Amino acid sequence: MDPIASTLFLIFLAFIGIIIFLQFVPLGLWIQSVSSGVYVGLTRLFAMKLRRVNPARIVHPLITAHKADLPLNVTQLEAHHLAGGNVERVVQALIAAQKAGITLTFQQATAIDLAGRNVLEAVQTSVNPKVISTPRVAAMAKDGIQLIAIARVTVRANINRLVGGAGEETILARVGEGIVSTIGSAASHKAVLENPDNISKTVLSKGLDAGTAFEILSIDIADVDVGKNIGAELQTDQAEADKRIAQARAEERRAMAVALEQENRARVEEMRAKVVEAEAQVPLAMAEAFRKGNLGVMDYTRIQNMQSDTSMRRALAAPAGPVPGNGGGA
């Protein structure tokens, strides 16, 4: 083979090898680590590539930790990264805790990060407490007046209770419950309006931060508004219900009276039917008496005269009315 061709072929192979080497070994990152005083070997960087770990996410936080005098090594950071943690955030949290004089170990920071909490935000909250607001909490005093309160709760993160401690929702729920119980125990809504700080003092004394990841520094009542007159509404509803019950009972009695009246009318009609039936028996009895000779013509005439006399007396006893045939005039 021609020596020139062999040389070109070797140069080509070397170029391909360099490309492959740079593809798997971040030479620039290695130079950066060496120049920063944190030596990470090329073999270690190549092994990270094989484990599908981005070396930059390990080396850059390691350089930052080294500049902040944090005793961390590659193995710790890589293990945390492989566990699914955020290495950069953990290192930033450790640096912030060190500058603020807060005791925070690498094991605590990684545990907090793997628990799903923002460890950097927790450290910042420990240094600079934050204020969370409760939603509008409605409660009723003993006089039946509804009050609507909003509270501002100042909390500080407790590093030692971040793992396993309850979050902000629990704090807000407990504070809301305390506001409801405090207002509910007040004899009058005016007393609450005059001294709203009694609510915060009472709620704060209950130790609502137990079992949470925060420490409650203060509870301040931001606003108290007067709502509905619940007691009056309840009395009105009760009176309306009593009225409907009374109306239902009256309607029941009226229905029973109507039924009794209809029953009496039916009885009257029944008695009239019996009277008509008895009167129908009179002519038959008279005919039978005629046939047997127990009743004569004169007797029958006297009966007719008595009936006519009775009819005349009834007509005379009846009230005066319009004379038939002259339109009721004089």
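Every value quoted in this text rests on a predicted model; they were computed, and no experiment measured them.
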Measure the spacing between [atom1] of [X] and [atom2] of [Y] and express it to the nearest 0.5 Å.
| X | Y | atom1 | atom2 | answer |
| --- | --- | --- | --- | --- |
| Gln124 | Lys130 | CD | NZ | 10.5 Å |
| His60 | Asn54 | NE2 | CG | 9.0 Å |
| Asp143 | His189 | CG | NE2 | 5.5 Å |
| Thr75 | Arg44 | OG1 | CZ | 4.0 Å |
| Ile199 | Thr182 | CD1 | OG1 | 6.5 Å |
| Glu78 | Arg57 | CD | CZ | 13.5 Å |

> With distance as the sole criterion, is a donor-acceptor pair present between the side chains of His80 and Asn86 under 3.5 Å?
Replying inline: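 His80 vs Asn86: no donor-acceptor pair found between side chains.
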>> Is it the case that the side chains of Arg174 and Thr134 hold a donor-acceptor pair, with the cut-off being a distance below 3.5 Å and no angle test?
In response: no
If you group Ile, Leu, Val, Met, Phe, Trp and Tyr by side-chain heavy-atom gaps below 4.5 Å, do [X] and [Y] land in one group?
| X | Y | value |
| --- | --- | --- |
| Leu114 | Leu72 | no |
| Ile183 | Met140 | no |
| Leu120 | Val127 | no |
| Ile179 | Val224 | yes |
| Leu70 | Phe106 | yes |

Any ion pair linking [Y] and [X] (charged N to carboxylate O, less than 4.0 Å)?
| X | Y | result |
| --- | --- | --- |
| Glu251 | Arg244 | no |
| Glu269 | Arg265 | no |
| Lys292 | Glu288 | yes |

> How about Gln98: does its CD atom have over 12 heavy atoms from other parts shown lying under 6.0 Å from it?
Replying inline: yes
>> Atom CE of residue position Met312 - does it have more than 12 heavy atoms of other residues, nucleotides or ligands inside 6.0 Å?
In response: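 Yes, enclosed.
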Min side-chain heavy-atom separation [X]-[Y] under 4.5 Å:
| X | Y | value |
| --- | --- | --- |
| Gln108 | Asn160 | yes |
| Ile216 | Ile219 | yes |
| Val175 | Leu208 | yes |

>> Is there a side chain to side chain contact (heavy atoms under 4.5 Å, CB included) between Glu168 and Val155? Walk through the geometry before answering.
In response: CA-CA 9 Å; Glu168 297 179 6; Val155 296; 5.7 Å; no
>> Consider side chain to side chain contact (heavy atoms under 4.5 Å, CB included). Of Leu217, Ile171, Leu204, which one does Val153 pass it with?
In response: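 Option passing the side chain to side chain contact (heavy atoms under 4.5 Å, CB included) with Val153: Ile171.
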>> If we check side chain to side chain contact (heavy atoms under 4.5 Å, CB included) with Ile159, which of these qualifies: Thr103, Val119, Leu104?
In response: Leu104
Determine the minimum heavy-atom distance between [X] and [Y], stating which atoms define it.
| X | Y | value |
| --- | --- | --- |
| Thr125 | Ala157 | CG2-N, 3.6 Å |
| Val192 | Ala186 | CG2-CB, 3.5 Å |
| Ala56 | Pro61 | O-CD, 3.7 Å |
| Ser133 | Leu172 | O-CD2, 3.7 Å |
| Lys67 | Ser36 | NZ-O, 3.6 Å |
| Ala139 | Val180 | CB-CA, 3.8 Å |

Using atom types as modelled and distance alone, determine if a side-chain donor or acceptor of [X] lies under 3.5 Å from a backbone N or O of [Y].
| X | Y | value |
| --- | --- | --- |
| Glu121 | Asn118 | no |
| Ser200 | Asp220 | no |
| Gln146 | Gly227 | no |
| Asn195 | Asp197 | no |
| Thr170 | Ala166 | no |
| Asn158 | Glu215 | no |
| Thr212 | Phe214 | yes |

>> The test is side-chain hydrogen bond (donor to acceptor under 3.5 Å, both in side chains); show your working for Ser181 and Lys206 and say whether it passes.
In response: CA-CA 12 Å; Ser181 62; Lys206 293 183 178 181; 2.9 Å; yes
> What's the verdict on salt bridge (Lys or Arg N to Asp or Glu O under 4.0 Å) for Asp309 and Arg313, showing C-alpha distance, side-chain angles and the deciding distance?
Replying inline: CA-CA 6 Å; Asp309 186 57; Arg313 292 177 183 275; 2.8 Å; yes
>> For Asp225 and Leu147: C-alpha separation, side-chain torsions, deciding distance, then whether side chain to side chain contact (heavy atoms under 4.5 Å, CB included) applies.
In response: CA-CA 6 Å; Asp225 296 329; Leu147 296 178; over 6 Å; no
>> Evaluate Lys190 against Glu194 for salt bridge (Lys or Arg N to Asp or Glu O under 4.0 Å), listing each step before the verdict.
In response: CA-CA 6 Å; Lys190 296 180 181 179; Glu194 291 174 358; over 6 Å; no
>> The test is side chain to side chain contact (heavy atoms under 4.5 Å, CB included); show your working for Glu88 and Val91 and say whether it passes.
In response: CA-CA 5 Å; Glu88 183 178 1; Val91 172; 6.0 Å; no
> For Lys274 and Glu277, what are the C-alpha separation, side-chain angles and deciding distance, and is it a salt bridge (Lys or Arg N to Asp or Glu O under 4.0 Å)?
Replying inline: CA-CA 5 Å; Lys274 291 182 179 180; Glu277 182 181 2; over 6 Å; no
